[in-house]
Structures are given as structure tokens and as C-alpha cells.
> 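Take a look at the following structure, please.
In listed order, ligands and their atoms are each counted from 1.
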Amino acid sequence: MLVRNARLADGRVRDVRVEGERIEAVGAGLDAAGEVIDARERLLLPGAVDAHVHFREPGAPHKETWRTGSRSAAAGGVTTVIDQPNTDPPTTTGAAFDQKELCARHSLVDYGVNGGVTESWDPETLFDRPLVALGEVFLADSTGEMGIDGDLFEDAVHRAVEAGVPVTVHAEDATRFDDAARDAAGDGVGVDAHADAWSAYRTAEAEIAAVERAVEVGVDAGARLHVAHTSTPEAVDLVADAPDRVTCEVTPHHCLLSRADLDGLGTYGRMNPPLRSEERRAALYERVVDGRVDLLATDHAPHTREEKEASLLAAPSGVPGVETLVPLLLAETRDGPLTVERVRDLTAAAPAATFGLERKGRIEAGMDADLALYDLERPRPVDGGRLHSKCGWTPFEGFEGVFPEWTTVRGDRVYDAAMDTFGTAAGENVG
Ligand SMILES: NC(=O)N[C@@H](CC(=O)O)C(=O)O
Ligand SMILES: [Zn+2]
Ligand SMILES: [Zn+2]
């Protein structure tokens, strides 16, 4: 296959020749080999690597399955996902890992599976499996109630270092939550809930203190430590000031939404860590733009509308996002401060490098032919009803998005926007 006249993120127009599953050559005026696709100078990006998704199988297929989650990924230009361990059973033993891998074989995109830590985990059998990372390791309870104490965290970090595996940490310190603020939530349901109470409850200080401590533990142990979903500029700065082997990710929702949006979102805007003040949101986004943030990841955490239609305290935490990651950020390049090259690096090259996925994240000879084509001149409003996650809603309803025309995984067309159709190829484990 030859993709002719593709505009790369740096502005050059080039041909990309694919041989089997790999990119074989990138150049000008390349000879065709088989099928020719004219990109008409539209933007060709490397398939995105979303290092933080919750695809819910095994345990909660009513929220999402590997099939629906991976379709949502493909339709958003994401060609590799890394799944987190708070499923049922939690991915804390070799046997649980194997069970998740069987589910993941229904994925349309490539995938990695992480291992988790609880009091009853089994490091022996777990580290025997091809984990991409240990994590997310929960320092406070979130969906799945896998919060652990500081001693177990230190032990887990040391074991991960011995096994040569990075650690991804969900860093919040529950002793610094403001329980009285949570209890002031009142009894509104769904969009009518007083969701700002969630942000007042899970304080910025709780994240900052936990990140500070986790970085200390990671640095002392010589670990490759990755901080999940940092939501405060202070936490990003702690990571940026640490050695290079400490990295962090930021979600699109913490860049584009703040406490000011919670009036409209209600429980649909409840997630951990929570949305922050408009001031902190702006300072966080600034750090995404200037490079202090290592990578973007979505924390795609689907829950059904029925589950979200509850009081603030009863509704589950989490928002979907895998399909809107690249589209929202590309729309931001049209009139915002981000460049297309920065979006490419934050969504593809950086996560691939951080998690050691050597054939992912770049359009270069020898890399996997994971590609997505975009027309920057044709943004459209995000519509929850047209997205492909099983949950059927989005916190970004009405935001502008630049969605892909098509997506390939290792040379196979997995999504075609013209007909809104998906391929049948099978994703592979990248671990
Ligand atoms: N972010 C969330 O609010 N929820 C996540 C878990 C997590 O990442 O903490 C989920 O699995 O639902
Ligand atoms: Zn988390
Ligand atoms: Zn998560």
C-alpha cells in the first residue's frame, strides 16, 4: 500500500509506503506497491497510544467491552491502548492477567495490559506475565476500591524495579481529603447534582502531597515512575523537577474542563482526580503546551448514563475519552496555542517511548503502519450519540473535534469514517 501526498505533522508532504505490517519507506515520489491511497495533502499522524484506558472486561461489560472500547479508539485515531487493572477480578495475579488477556483478544487495536497491587496481589505470578507497567497503583480509593497504604506501595515499587517494569501511580492522599465538603453535596441527581462538592472534597493538596511522596519513593528505589492523570500544575512541576525517569500524563478533561463546567455536567463531571479551578486548569494546559508535561492520556473510564443518574455520592467516578483525545487536541491547534507537532508527540511518540513500545508512535521506516488521516479544515461538533463507546455520552458534547477519515493498525484498515465501518483485524499484545 502507498499513501501518496500525505502532509506530515511538520508540514512536509511525503509518500508513505507500507509493506505488510510495517512502514517500509517515507519519501517524495515513491513508487507504488499495490493499492494507492491519495491523501490529498491531508494530515497523516502516527496512530495515538493511549496509555490509560479502562475497558471494563472482565467484570463490567455493561459499561464497555474490548470490542466497543477498541472501536471507539480506532474511530478516534488511537491504535494502541494500555488497560488498567481495576477490573473484576482485579489484574493482581498471573491468572487474572491471563483472564484479561483472553478478553483483550477481541480488541481491534493493539493493546497492553497492566498489573495491579492490592493486599492480596501475587507478585510472583504477576511479574511472570508481559506487563507493560505495574499500575495504575491506587494510593487512594477510586473505582474498584483498590487503594493501598504507603508500605505496600514502597514494597510494590521495589519489586517492580527488580522486575524491570515501570510503575504508574494514581496519586491522591485520602488523609488530605475534605470530608465535610463532600458531605455538603446535597441530594440533586445527575446533571442537577452539586458536583463542585467533589472538587472541594478531593483537594488539590491531596494530589500534590501524594505526588511528592510517590516521586520520593520512586527516585529512592531507582524506579521508572509514571504519575497518572496529574490535574494540578504543582504536581506537574514536582515531576518536571525530578530525574527524567519520572514522567507524568495529563488528560484532555483536565486541560479543557474546570470546576466552572460542573454546573452543566453534574455527576457526569465526577472523576478522580476531580476537575480543578479555572486558574489551575489554565496553568496545567500551559504546561502541556510548553513541554513540562510528558504525555497525554485519557483515563477513558466509561460508566452508563443510568449509573451516572444518581446523587453525587452514589454516582461512580470517571468519564469516557479515548475517541475524543486526538480530535479535541487537533481542533485546539486551529486557534489555540498547541501545534500539530506537539499533539503528535504528546499522543504518540512520547507514550510509546515512555512505555518502551519500540515500533509504535512514529511515521518512519521500520515502524508499525499505525496511521490516521485527518482533514484539519473539517472540524465537527462532538456528539455523544455518534461516538462508539458503549456508554453513549461524553463530557465534551458540542466541543469542536477533528476526527480521522480512516485509521490503520499494522497496515490493516480498522476504521473508515465515510461508511462509519470497522475492520475485522485482531489487535496484538504489545507487552
Ligand atoms: N478516574 C476515575 O474517576 N475513574 C477510573 C479509575 C481511576 O483512574 O481512578 C475508573 O476506572 O472508573
Ligand atoms: Zn486513577
Ligand atoms: Zn484510571
> Tell me which protein heavy atom sits closest to atom 8 (O) of ligand 1, plus the residue, atom name and distance to 0.1 Å.
Glu136 OE2, 2.9 Å

> Below 4.0 Å from any atom of ligand 1, is there a heavy atom belonging to Arg56?
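A heavy atom of Arg56 does come that close to ligand 1.
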
> So do the side chains of Leu296 and Thr251 get within less than 4.5 Å of each other, counting heavy atoms only?
no

> Should the proximity of Arg270 to ligand 1, defined as any heavy atom under 4.0 Å, be assigned to the side chain, the backbone, both, or neither?
neither

> Can you confirm if the NZ or CZ of Arg380 lies within 45° of the ring axis of Phe403 and under 6.0 Å from the centre of its six-membered ring?
yes

> Could you check which N/O/S atom of His170 is closest to the Zn ion (ligand 2)?
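Atom name returned: ND1.
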
> Going by the order shown, which atoms of ligand 1 are within less than 4.0 Å of some heavy atom of Met271?
3 (O)

> Are Asn86 and His54 linked by a side-chain donor-acceptor pair shorter than 3.5 Å?
yes

> Below 2.8 Å, can you find an N, O or S atom of His52 next to the Zn ion (ligand 3)?
yes

> Examine the side chains of Glu57 and His106 and answer whether a donor and an acceptor come within less than 3.5 Å of each other.
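Glu57 vs His106: no donor-acceptor pair found between side chains.
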
> Mind checking whether His54 contacts ligand 1 via backbone (N, CA, C, O), side chain (CB onward), both or neither, at a 4.0 Å heavy-atom cut-off?
side chain

> Using a strict 4.0 Å threshold on nitrogen-to-oxygen distance, state whether Arg359 and Asp370 make a salt bridge.
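Salt bridge between Arg359 and Asp370, a charged N being under 4.0 Å from a carboxylate O: no.
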
> Can you sort out which atoms of ligand 1 are near His303, meaning under 4.0 Å from one of its heavy atoms?
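Taking each heavy atom of His303 in turn, ligand 1 has 12 (O) under 4.0 Å.
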
> Under 4.0 Å, heavy atoms only, figure out whether ligand 1 is touched by the backbone of Ser317, its side chain, both or neither.
both

> Which atoms from ligand 1 have a heavy atom of His229 less than 4.0 Å away?
8 (O)

> Would His170 and His229 count as a close aromatic pair, with their ring centres under 6.0 Å?
yes

> Please name the atom of Glu136, limited to N, O or S, that comes nearest to the Zn ion (ligand 2).
OE1

> Could you check Lys390, Lys63, Arg56 and say which one makes a salt bridge (charged side-chain N to carboxylate O under 4.0 Å, His left out) with Glu307?
Lys63

> Of all the atoms in ligand 1, which lie at a distance below 4.0 Å from a heavy atom belonging to His52?
8 (O)

> Counting neighbours of CZ on Arg42 that are heavy atoms of other residues, nucleotides or ligands and sit closer than 6.0 Å, is the number greater than 12?
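Atom CZ in Arg42 is crowded, with more than 12 foreign heavy atoms closer than 6.0 Å.
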
> Out of Pro85, Pro316, Ser142, Pro302, who gets a non-hydrogen atom closest to atom 9 (O) of ligand 1?
Ser142

> Test of understanding: given a 4.0 Å heavy-atom threshold, classify the contact between Gln84 and ligand 1 as side chain, backbone, both, or neither.
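For Gln84, no heavy atom sits under 4.0 Å from ligand 1.
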
> Check each atom of ligand 1 against the heavy atoms of Phe138 and keep those under 4.0 Å away; list them by number with element.
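Numbered from 1, ligand 1 contributes 7 (C), 9 (O).
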
> Tell me which N, O or S atom from Asp299 is the closest to the Zn ion (ligand 3).
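When I compare the N, O and S atoms of Asp299, OD1 is nearest to the Zn ion (ligand 3).
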
> Can you tell me how far apart CG (Leu8) and CG (Leu43) are? Round to the nearest 0.5 Å.
8.5 Å

> With rounding to the nearest 0.5 angstrom, report the OH to CD distance, Tyr111 to Glu428.
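The distance works out to 8.0 Å.
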
> Between Arg202 and ligand 1, find which residue part has any heavy-atom pair under 4.0 Å and reply side chain, backbone, both or neither.
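Under 4.0 Å from ligand 1, Arg202 contributes no heavy atoms.
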
> Out of Thr168, Asn272, Asn86, whose heavy atom sits nearest atom 2 (C) of ligand 1?
Asn272

> For Tyr285 together with His254, are the ring centres under 6.0 Å from each other?
no

> Are a donor atom and an acceptor atom from the side chains of Trp66 and Asp83 found within less than 3.5 Å of each other?
no

> When you measure from atom 1 (N) of ligand 1 to every protein heavy atom, which one gives the shortest distance, and what is it?
Asp299 OD2, 2.7 Å

